[in-house]
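Here's the structure, in structure tokens; my notes come after.
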Amino acid sequence: MKVLTYSGLDPSRVQKSYEKVRAAIERGDLRSAQVKKLAVSPYYRAKLDATNRLLLMFVRYGDETVCLALEVIANHAYEKSRFLRGAVVDEAKIEDAADSQIAAEAAPVRYLHPGRSEFHLLDKVISFDDTQESIYRLPPPLVLVGSAGSGKTALTLEKLRSIEGSLLYVTQSPWLAQSARALYFANGYENEAQEPLFLSYREFLETLKVPEGREVGFAAFRDWFARHHQQYRFTDAHQCFEEFRGVIGSQPEGVLSAEAYQTLGPRQSIFAAEQRAAVYALFGKYQRWLAENGLYDSNLVAGQWQALATPAYDFVVIDEVQDLTNVQLALVLRTLRQPGQFLLCGDSNQIVHPNFFSWAAVKSLFWRDAALAERQSLHVLGVNYRNVRAVTRVANDLLKIKHARFGSIDRESNHLVEPVAGEEGEVRVLPDKDAVKRDLDARTRASTLFAVLVLRDEDKSAARAFFRTPLVFSVHEAKGLEYPNIILYRFVSGQRQAYAEICASVDRADLARETLEYRRAKDKNDKSLEIWKFYVNALYVALTRAVERVWMIESDLQHPLLALLGIREDGETVDVQARSSSREDWEREAYRLEQQGKQEQAEAIRQDVLKVRAVPWPVWNEAGIEALAERALDPSNVSSKLRQQVLDFSLWHRQERYLLRLATELRWKPAAQLVARAPQGDLDRAMDALTVRLMAPCAKKNVKDVLGHCDQYGVDHRTTVDATPLMLAARAGNVALVEALLERGADIEQRDLFGHTAALHALDRAATDAEYAAGPFAAIHERVAPAFIDVEADGRLVRLYAHQGEYFLLQRMLASIKTLASQLVAGPEFPIERRHAINAGWLMRNVEQLPHSVLRAERRKRTWFNAVLARAEVSSSYVPARRLWRRLRNGYYLPNPQLRLRVRTADRDETWLPVYEVLNLSRVVAGNAYGPAGNRYEEMLDHR
């Protein structure tokens with residue numbers, strides 16, 4: 001059996017025993033190596049010596065099972081394993097691994113280098129081919145060109161892991177930035193020698209200064225342009241938006257003047273010289289429209305903020321660079337401490353967002369620095385690891401047509417790709433007949449493995465008339481998506497003339513060559529490429545979204561482009577009967593799309609597939625509790641049921657206002673007795689009993705009832721207490737239910753009435769329940785804690801990652817405000833008269849019980865807590881100054897009232913809100929108005 005070694009494994013301390021174990025596994029002697037299966041799938045361990053173990057994993061490549069050596073576990077300390085993430089392993093209970101078991105459980109991998117014994121690991125096993133390996137070893141600056149599925153992101157992230165210092169990864173897409181970060185830190189990866197930051201371009205701008213208003217997108221621009229189209233019939237919204245962003249507003253020196261714009265060469269503008277005056281006048285109207293409607297263009301902001309960019313990073317990666325303009329790129333590069341310490345990667349064949357990108361324009365930035373220009377190094381990845389052979393072949397032929405018709409765009413885009421996949425797959429065209437579409441819809445609509453793509457947003461309604469799947473996307477939305485099967489609806493027939501122009505004068509002989517020779521168009525005044533590139537790029541992107549098969553629905557089956565691509569009609573039926581996806585599959589798909597910003601499709605899944613309904617019970621949200629309290633506290637209303645609900649609300653949230661009003665104003669006996677007997681512990685027992693009762697459904701091992709409610713009302717439905725099932729399951733310590741809910745796509749960012757997420761609920765209980773902190777909290781926190789917290793301080797984005805000390809302290813602080821203010825939880829350790837704010841002692845409750853993955857042992861000291869509190873306070877001179885909290889007196893702090901948090905709104909959009917608005921401080925204060933503790937927060941309200 002072949003044994004491969006993880007690139008991050010250092011077995012030098014146990015080298016001899018490691019070689020002995022490796023040799024035993026290679027000859028198939030698992031018994032001598034004492035290979036045993038761990039309960040934590042998919043891991044095994046081998047015995048190195050009396051105290052050390054070797055963590056293993058097995059994969060299947062073709063017909064071969066391969067052993068992967070991952071990590072040396074010293075002194076039986078499985079809980080410190082990077083891969084096991086705190087899992088408890090009892091070696092006395094693990095069993096020997098059988099060859100048959102290993103072969104059955106080995107996960108398949110698409111590629112392993114035949115001669116290399118080392119592998120890399122992100123979320124999955126990565127083996128570099130020779131080209132990738134050579135690039136991985138090269139010094140910066142690097143420019144990496146690769147098609148979809150070429151492995152450029154994986155190579156980029158592994159390269160990033162090898163560099164020390166302050167690192168920045170930035171890309172246009174928030175989803176890609178988030179995904180890249182998840183890949184980077186997958187399997188518990190940590191590197192104390194670096195501080196990486198993963199940002200979308202909008203978030204990068206926010207680190208300099210949070211722009212006011214909302215960012216304008218192409219859809220909003222298209223609607224605005226429609227009002228002026230009558231006077232600009234020589235162009236369309238797509239071309240005009242591209243000219244505004246990629247030409248007029250693309251220079252790092254600022255927006256072009258009317259004179260400079262007029263004198264641009266023929267290849268520097270989409271428009272002819274005689275049209276530019278009118279286009280520039282429209283650009284002025286565009287700027288006024290932005291200002292009048294509270295919108296901003298990130299491209300124009302990038303030009304205005306060049307002076308705000310100061311050296312901050314030791315290395316920068318810009319992924320999908322083709323989605324950025326030159327001015328945006330220049331702003332990022334200005335943040336480098338040393339010029340040239342960057343890696344750019346992308347593919348200009350995937351440009352569907354207008355920006356007038358070209359590699360030549362990118363290189364022109366380097367040429368301004370002669371030393372940098374000499375060092376630039378550009379490399380092309382020519383292998384496709386994603387798509388099957390048929391899809392890759394058609395995509396290559398489309399590039400050949402583009403090259404034959406328009407010449408080479410540039411040297412960097414002059415390449416084809418080779419597929420690694422052994423599967424042939426298929427690309428077929430089907431006639432645009434109602435019977436064909438009904439049959440195809442019946443076979444595919446119930447599966448998450450099939451998506452329908454159209455060219456433009458306005459084409460989606462026609463597709464939905466026949467295809468009932470909620471997975472209908474325009475090509476603008478499709479960027480970044482990947483599905484096994486793609487249906488392209490009227491891509492060519494719907495724009496017959498455009499695609500006829502693209503393949504004009506091209507024949508099959510032009511597609512016979514195996515490579516593309518560099519050849520520029522002879523006529524510099526020919527605007528054909530600029531006019532038609534959207535259509536050819538859009539089709540290329542649409543094709544490469546499919547991993548296995550593509551079906552094209554076309555009315556013009558004889559279109560010359562289809563003939564050139566070798567896509568012919570082959571009957572009117574398909575032989576695929578898609579398996580209906582489960583409800584859980586659709587819930588996960590809705591969550592994935594929502595994270596990618598595809599709100600329209602996610603909502604369609606919830607409405608049309610999941611058929612989510614509103615909950616039938618009253619919910620203690622802001623509107624609900626106000627209406628309930630108004631009725632229950634009316635002296636003329638003697639309903640004990642309503643009063644009991646208000647009492648329950650008061651006890652659940654530890655807010656005494658309603659309790660005291662029920663007891664003193666209405667003299668309601670149940671409340672009066674609790675207040676009178678509070679010194680005897682009756683109040684505490686009542687609160688504990690209520691907590692047990694309200695959390696009971698989410699605390700039980702049998703989760704059938706909770707998941708049944710999720711089927712009816714959605715996985716993030718609100719329970720009576722305004723908490724989602726995930727929040728209550730986290731607080732109850734029900735790991736199995738938390739996992740089941742997350743598997744269905746439960747949102748960890750949802751907040752209750754007082755701004756608590758599932759993670760804050762867990763932290764709040766861990767602070768007061770030592771058994772919970774030492775028990776299920778580790779597994780709960782691992783699953784529901786956000787990877788980072790975004791806060792706005794001093795007008796700019798500050799991102800706190802989980803390994804940073806401020807992350808833990810801020811989370812604990814946010815979880816404590818409501819509890820800290822309540823008189824109902826006063827105790828001898830923290831009496832009310834001492835609670836001016838939060839100190840280290842309050843934050844350190846039960847820290848000794850917390851898992852290593854949450855708080856390392858060396859941080860569980862009062863000196864460390866005080867140091868972190870001091871360095872992040874408003875008046876601190878520490879660099880970087882995060883300004884997270886305000887010191888009220890020596891050692892006592894509260895969150896900075898000027899702080900804002902990025903939160904998800906009810907309509908699942910994102911916005912910045914003041915921290916005390918998120919925490920509903922006004923209700924906290926009002927809910928404790930009868931006691932001194934609550935009044936101490938009024939000052940913070942005044943400073944919001």
Side-chain angles (χ1 to χ4, degrees), residues 218-219 221-223 225-226 229 232-243 270 348-354 356 391 394-395 397-406 409 427-433 436-437 451-467 472-479 481 486-506 526-546 550-569:
F218 178 69
F221 177 86
R222 183 190 59 216
D223 293 343
F225 178 81
H229 193 208
Y232 292 86
R233 302 192 67 83
F234 60 85
T235 184
D236 60 25
H238 195 277
Q239 292 177 5
C240 206
F241 197 50
E242 180 164 12
E243 188 82 350
I270 297 173
S348 62
N349 289 313
Q350 294 189 61
I351 298 173
V352 292
H353 298 283
F356 211 72
V391 172
V394 173
D397 283 349
L398 186 60
L399 295 183
K400 292 176 184 177
I401 293 171
K402 183 180 180 180
H403 179 269
R405 173 67 174 83
F406 304 114
I409 302 170
V427 179
R428 288 180 57 189
V429 63
L430 297 169
D432 188 6
K433 297 180 179 179
V436 172
K437 290 181 284 191
V452 177
L453 265 62
V454 296
L455 189 65
R456 298 186 185 278
D457 289 332
E458 50 266 36
D459 301 327
K460 288 191 288 188
S461 59
R464 291 192 179 111
F466 286 95
F467 295 101
V472 178
F473 305 90
S474 69
V475 75
H476 283 114
E477 296 171 315
K479 187 80 182 298
L481 293 178
I486 291 292
I487 300 169
L488 302 186
Y489 188 58
R490 296 178 178 173
F491 244 76
V492 176
S493 304
Q495 297 289 336
R496 191 188 187 287
Q497 183 58 38
Y499 284 105
E501 286 286 349
I502 286 169
C503 60
S505 73
V506 181
D526 185 0
K527 303 288 184 180
S528 298
L529 177 59
E530 284 75 21
I531 294 172
W532 306 118
K533 73 176 179 182
F534 164 74
Y535 298 96
V536 66
N537 288 358
L539 182 55
Y540 179 81
V541 168
L543 286 166
T544 54
R545 297 313 94 194
V550 176
W551 295 317
M552 301 180 70
I553 306 294
E554 301 292 351
S555 58
D556 184 1
L557 301 178
Q558 306 305 315
H559 194 283
L561 179 64
L562 298 178
L564 281 174
L565 293 175
I567 308 172
R568 294 181 173 84
E569 181 185 3

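No hydrogens, no waters, no symmetry mates; every other heavy atom, side chains included, goes into these values. Predicted, not measured: the structure shown is a model, and the values here were computed from it.
Among pairs with a residue in residues 494-504, those fulfilling salt bridge (charged side-chain N to carboxylate O under 4.0 Å, His left out) read R405-E501, R496-D556, at least two apart in sequence or across chains.
For A478 against F473, the heavy-atom pair with the smallest separation is N-CB, 4.5 Å. The two residues E243 and I270 have their closest heavy-atom pair at OE1-N, 3.1 Å. Across C503 and L564, no two heavy atoms sit closer than the pair CB-CD1, 3.4 Å. Shown here for E569 and V429, the closest heavy-atom pair between the two residues is N-CG1, 3.3 Å. Listed here is the closest heavy atom pair of F491 and V454: CE1-C, 3.3 Å.
Atom CD of Q495 and atom CG of L561 lie 13.0 Å apart (nearest 0.5 Å). Atoms CG and CD, from L430 and E554 in turn, are 10.0 Å apart once rounded to the nearest 0.5 Å. With rounding to the nearest 0.5 angstrom, the CG atom of L455 is 5.0 Å from the OH atom of Y499. Atoms CG and CD, on D457 and E477 in that order, are 5.0 Å from each other to the nearest 0.5 Å. Between atom CZ of residue R568 and atom CG of residue L562 there is a gap of 10.0 Å, rounded to the nearest 0.5 Å. Interatomic distance, L398 CG to L565 CG, rounded to the nearest 0.5 Å: 6.0 Å.
Residues forming a ring pair (Phe, Tyr, Trp, His ring centres under 6.0 Å) with Y489 (at least two apart in sequence, or on another chain): F467. F466 is linked by a ring pair (Phe, Tyr, Trp, His ring centres under 6.0 Å) to nothing, counting only residues two or more places apart in sequence or in another chain.
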Could you walk me through whether I401 and V536 satisfy the side chain to side chain contact (heavy atoms under 4.5 Å, CB included) test, starting with their C-alpha distance in whole Å, then the side-chain angles of each, then the deciding distance to 0.1 Å, before giving a yes or no? CA-CA 9 Å; I401 293 171; V536 66; over 6 Å; no
Report the C-alpha separation of I567 and V394 in whole Å, then their side-chain angles, then the decisive distance to 0.1 Å, and conclude whether the side chain to side chain contact (heavy atoms under 4.5 Å, CB included) test is met. CA-CA 8 Å; I567 308 172; V394 173; 3.9 Å; yes
Are L543 and L488 close enough, and set up right, to give a side chain to side chain contact (heavy atoms under 4.5 Å, CB included), and what steps lead you there? CA-CA 8 Å; L543 286 166; L488 302 186; 4.1 Å; yes
Show the numbers, then the answer: is there a ring-ring contact (aromatic ring centres under 6.0 Å, His included) between H238 and F225? CA-CA 10 Å; H238 195 277; F225 178 81; over 10 Å; no
Please step through side chain to side chain contact (heavy atoms under 4.5 Å, CB included) for the pair K437 and D432, ending with a clear verdict. CA-CA 7 Å; K437 290 181 284 191; D432 188 6; 2.7 Å; yes
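Ring planes of H476 and F218: tilted class, angle from 30 to 60°.
Using a 4.5 Å heavy-atom threshold, the side chains of K402 and N537 count as touching. Side-chain contact check for Q239 versus Y232: every heavy-atom pair is 4.5 Å or farther apart.
Remark: the backbone N or O of A237 is not paired with any side-chain donor or acceptor of R222 at under 3.5 angstrom. S493 contributes a side-chain N or O that, together with a main-chain N or O of S555, makes up a donor-acceptor pair within less than 3.5 Å.
Other residues, nucleotides and ligands contribute more than 12 heavy atoms inside 6.0 Å of the CD atom of E458.
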